[in-house]
Q: 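Starting off with a structure, shown below.
Numbers for residues simply follow the sequence, beginning at 1.
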Amino acid sequence: MTKRQIKLGAFLWPTGHHVAAWRHPDAPADAGVNFPHFVALAKKAEQGLFDLIFMADQAAVFFDTPDKLSYNSYIVRFEPFSLLSALAPLTKHIGLVSTATTTYDEPYHVARRFASLDQISGGRSGWNLVTSYNPAEANNFGRDSHVPHDERYRRGREFAEVVKGLWDSWDDDAFIRDKDSGRFLDPEKMHVLNHKGEHFKVRGPLNVARSPQGQPVIVQAGASDVGRDLASEVAEIVFTAHQKLDDAKAFYCDIKTRAQKFGRNPDHVKIMPGVSLIVATTEREAHAKSEHLQSLIHPKVGLMQLSQFIGFDLTSYPVDGPLPDLPPEVMVSSRPALLTKLAREENLTIRQLYTRIAGSRGHWQIVGSVKQVADKLEEWFVEEGADGFNYMPPMLPDSLDDVVDLVVPELQ
């Protein structure tokens, strides 16, 4: 039996995941459109033996009042698929995972893009399957309102089925390319999909050869009941958010059990919670780094970010008062439920809650010495709360450098 090893993803966000990272003196404020910056990050992650680079995406600006929007550093950035395609020839081993929505895209487009990236990278592409949570995306695709939660997931399941079917359009040896006979293709090794379903009608075949790895890796982050089913059925990596080990262990067990019910080997489904790490050689130094970043948070940005992630406008509520009860239609999503639970358990005000999530948007945060950080990651891994972690660097490039140079050797 192969010994388990911690898997590591580098979830790259232009200047880092902390909401005030762009204001740090060591962060390039133009990171979202700075290609050499991303080249350096990709090479650093590969040097640190990370398994993959992970890129999120939304097909819209989180629209707000012009005043609030003027403080938001996340407005413009590279489209991630284009960025990963450019990074592919500049890296050798690291996986390249990009987000693509099943709500505002078409299966043929997605299947073709990721199969192409897999060919370009020599078998390193991955698709982060999302059903879109940003309501503003609807306004860019002919809709006045966002698609309802359950409908998004029904479409998402069928979307994934079509994409996976298109990826099987060709056998590995379908293309003979025999110059003497003039025969380019063995038609017996072509598989026409002819899918007809509730949401899609797709004939196929795909006009890209079979992926070097068979099929690109699928990543999914659903935490609701229908989201867990989708992840357990189709994903090789499940990206999730937990604050406590007991919650992580319960989720881990649930996904593995569901995967088995779908006839899959649960060991082939890797659970990788998001984690934000601020690390230094001493605990005191790490906390000083954290406090510096926290001091840079603009109140308008903190409140705007919390409203976005909780799915409810909090601007009319006292910032030093408690989080209000949220409507049932908001609480159906996992992130509002997680943040509400955190606020209630720790009796946090709105200001304290937005400060708390400023670096990780509700994901697990660790601030400490190298040994403290490595020991906590090891505990979650050994106790089966995680197969690895999707690292969300608070500030780039420094936070990634710290993990590669300090934490990875300690874990080894």
Side-chain angles (χ1 to χ4, degrees), residues 1-11 17-18 45 48-54 95 97 128 217 219-223 227-228 231-232 235-260 265-280 283 286-287 290 334-335 337-339 341-342 345-346 356-357 359-394 399-400 402-412:
M1 183 176 177
T2 304
K3 186 178 179 181
R4 289 173 73 225
Q5 286 188 317
I6 290 177
K7 305 296 182 184
L8 288 178
F11 185 171
H17 286 267
H18 194 282
L49 306 179
F50 275 68
D51 294 271
L52 59 94
I53 295 167
F54 181 94
V97 177
N128 178 39
V217 168
V219 182
Q220 218 279 321
R228 292 184 189 207
S232 304
E236 282 82 43
I237 298 172
V238 181
F239 178 35
T240 183
H242 300 292
Q243 293 286 336
K244 296 183 179 180
L245 177 56
D246 286 346
D247 292 336
K249 290 170 67 174
F251 180 87
Y252 184 99
C253 180
D254 182 50
I255 294 294
K256 301 281 185 173
T257 301
R258 291 183 194 227
Q260 202 158 19
N265 183 341
D267 290 339
H268 294 171
V269 183
K270 302 301 182 186
I271 314 299
M272 296 178 64
V275 62
S276 171
L277 306 175
I278 297 182
V279 62
E283 183 180 5
H287 280 284
S290 176
S334 59
R335 190 56 54 85
L338 175 73
L339 295 176
K341 181 181 179 183
L342 177 63
E345 286 182 348
E346 301 190 16
R356 180 71 173 273
I357 70 164
S360 63
R361 304 193 307 279
H363 289 270
W364 187 32
Q365 299 178 82
I366 311 174
V367 180
S369 69
V370 178
K371 189 175 188 310
Q372 287 171 331
V373 167
D375 285 351
K376 288 182 179 180
L377 296 178
E378 182 182 1
E379 180 186 18
W380 277 44
F381 176 73
V382 171
E383 293 291 326
E384 295 190 339
D387 292 308
F389 303 93
N390 206 8
Y391 174 46
M392 303 166 64
S399 299
L400 181 61
D402 289 341
V403 168
V404 170
D405 297 340
L406 301 174
V407 178
V408 169
E410 180 69 16
L411 289 172
Q412 290 177 311

Q: My understanding is that only residues two or more places apart in sequence, or in another chain, count here; which of them pass ring-ring contact (aromatic ring centres under 6.0 Å, His included) with Phe251?
A: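 Partners of Phe251 under the ring-ring contact (aromatic ring centres under 6.0 Å, His included) test: His242.
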
Q: Please tabulate, one pair per line, all N/O donor-acceptor pairs under 3.5 Å involving side-chain atoms of residues 367-377, not counting sequence neighbours.
A:
residue, atom, partner, partner atom, Å
Ser369, OG, Gln372, N, 3.3
Ser369, OG, Gln372, OE1, 3.3
Lys371, NZ, Asp375, OD2, 2.7
Gln372, OE1, Ser369, N, 2.8
Gln372, NE2, Glu283, OE1, 3.1

Q: Holding to salt bridge (Lys or Arg N to Asp or Glu O under 4.0 Å), I want the full list of residues that pass it with Arg228, two or more places apart in sequence or in another chain.
A: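 Result, salt bridge (Lys or Arg N to Asp or Glu O under 4.0 Å) vs Arg228: Asp254.
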
Q: Only counting residues at least two apart or in another chain, list the ones meeting ring-ring contact (aromatic ring centres under 6.0 Å, His included) with Phe50.
A: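 Applying ring-ring contact (aromatic ring centres under 6.0 Å, His included) to Phe50 gives none.
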
Q: With Asp387, which residues qualify under salt bridge (Lys or Arg N to Asp or Glu O under 4.0 Å), at least two apart?
A: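 Residues passing salt bridge (Lys or Arg N to Asp or Glu O under 4.0 Å) with Asp387: Arg4, Lys256.
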
Q: Partners of Ala223 by side-chain contact (heavy atoms from CB on, under 4.5 Å), sequence neighbours excluded?
A: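 With neighbours one apart ignored, the set is Ser334.
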
Q: Applying side-chain hydrogen bond (donor to acceptor under 3.5 Å, both in side chains), can you list everything that pairs with Asp51, at least two apart in sequence or on another chain?
A: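 In terms of side-chain hydrogen bond (donor to acceptor under 3.5 Å, both in side chains), with neighbours along the sequence ignored, Asp51 is linked to no residue.
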
Q: Would you please name every residue forming a salt bridge (Lys or Arg N to Asp or Glu O under 4.0 Å) with Lys249, sequence neighbours left out?
A: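 Counting only residues at least two positions away or on another chain, Lys249 forms a salt bridge (Lys or Arg N to Asp or Glu O under 4.0 Å) with Glu383.
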
Q: When rounded to the nearest 0.5 angstrom, what distance separates CG in Leu277 from CG in Leu406?
A: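 Here the rounded value is 11.0 Å.
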
Q: Only counting residues at least two apart or in another chain, list the ones meeting ring-ring contact (aromatic ring centres under 6.0 Å, His included) with Phe11.
A: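 If we apply the ring-ring contact (aromatic ring centres under 6.0 Å, His included) test to Phe11, skipping adjacent residues, the hits are His17, Phe54, Phe239.
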
Q: Of the non-hydrogen atoms in Ala259 and Val269, which two are nearest, and what is the gap between them?
A: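 The pair with the smallest heavy-atom distance is CB-CG2, 3.9 Å.
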
Q: By salt bridge (Lys or Arg N to Asp or Glu O under 4.0 Å), which residues pair with Glu384, not counting sequence neighbours?
A: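 Result, salt bridge (Lys or Arg N to Asp or Glu O under 4.0 Å) vs Glu384: none returned.
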
Q: What's the shortest heavy-atom distance between Ala45 and Ala10, and which atoms?
A: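 Closest approach of Ala45 to Ala10: CB-CB, 4.1 Å.
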
Q: Enumerate the side chain to side chain donor-acceptor pair (under 3.5 Å) contacts for residues 403-412, please, sequence neighbours excluded, ordered by first and then second residue.
A: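 Those involving residues 403-412 are Lys44-Asp405.
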
Q: I'd like to check Lys244 versus Lys341 (side-chain heavy atoms, cut-off strictly below 4.5 Å). Are they in contact?
A: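 Answer no - side chains too far apart.
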
Q: Count the heavy atoms belonging to other residues, nucleotides or ligands that lie under 6.0 Å from CD of Gln5, then report whether that count exceeds 12.
A: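 Not buried by this count: 12 neighbours or fewer within 6.0 Å.
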
Q: Can you list the steps and then say if Leu8 with Val408 is a side-chain contact (heavy atoms from CB on, under 4.5 Å)?
A: CA-CA 10 Å; Leu8 288 178; Val408 169; 4.2 Å; yes

Q: For Lys270 and Val217, run side-chain contact (heavy atoms from CB on, under 4.5 Å): C-alpha distance rounded to whole Å, both residues' side-chain angles, the deciding distance at 0.1 Å, then the answer.
A: CA-CA 11 Å; Lys270 302 301 182 186; Val217 168; over 6 Å; no

Q: Quick one: closest heavy-atom pair of Pro273 and Ala386, and the distance?
A: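 Of all heavy-atom pairs spanning Pro273 and Ala386, the closest is CD-CB, 3.5 Å.
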
Q: For Ser399, give me all partners under side-chain contact (heavy atoms from CB on, under 4.5 Å), at least two apart in sequence or on another chain.
A: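 So Ser399 forms a side-chain contact (heavy atoms from CB on, under 4.5 Å) with Tyr391, Pro393, Pro394, Met395.
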
Q: Quick one: pull up NE2 in His363 and OG in Ser276 and give me the separation to the nearest 0.5 Å.
A: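 Reported to 0.5 Å precision, the distance equals 10.0 Å.
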
Q: Output the distance between atom CG (Asn128) and atom CD (Gln220), rounded to the nearest 0.5 Å.
A: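 Interatomic distance, Asn128 CG to Gln220 CD, rounded to 0.5 Å: 7.5 Å.
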
Q: Could you tell me which non-hydrogen atom of Val219 sits nearest to which non-hydrogen atom of Ala235, and how far apart they are?
A: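 Scanning both residues, the minimum pair turns out to be C-CB, 4.5 Å.
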
Q: Applying side-chain contact (heavy atoms from CB on, under 4.5 Å), run through Glu346 and Arg356 and close with a yes or a no.
A: CA-CA 11 Å; Glu346 301 190 16; Arg356 180 71 173 273; 2.5 Å; yes

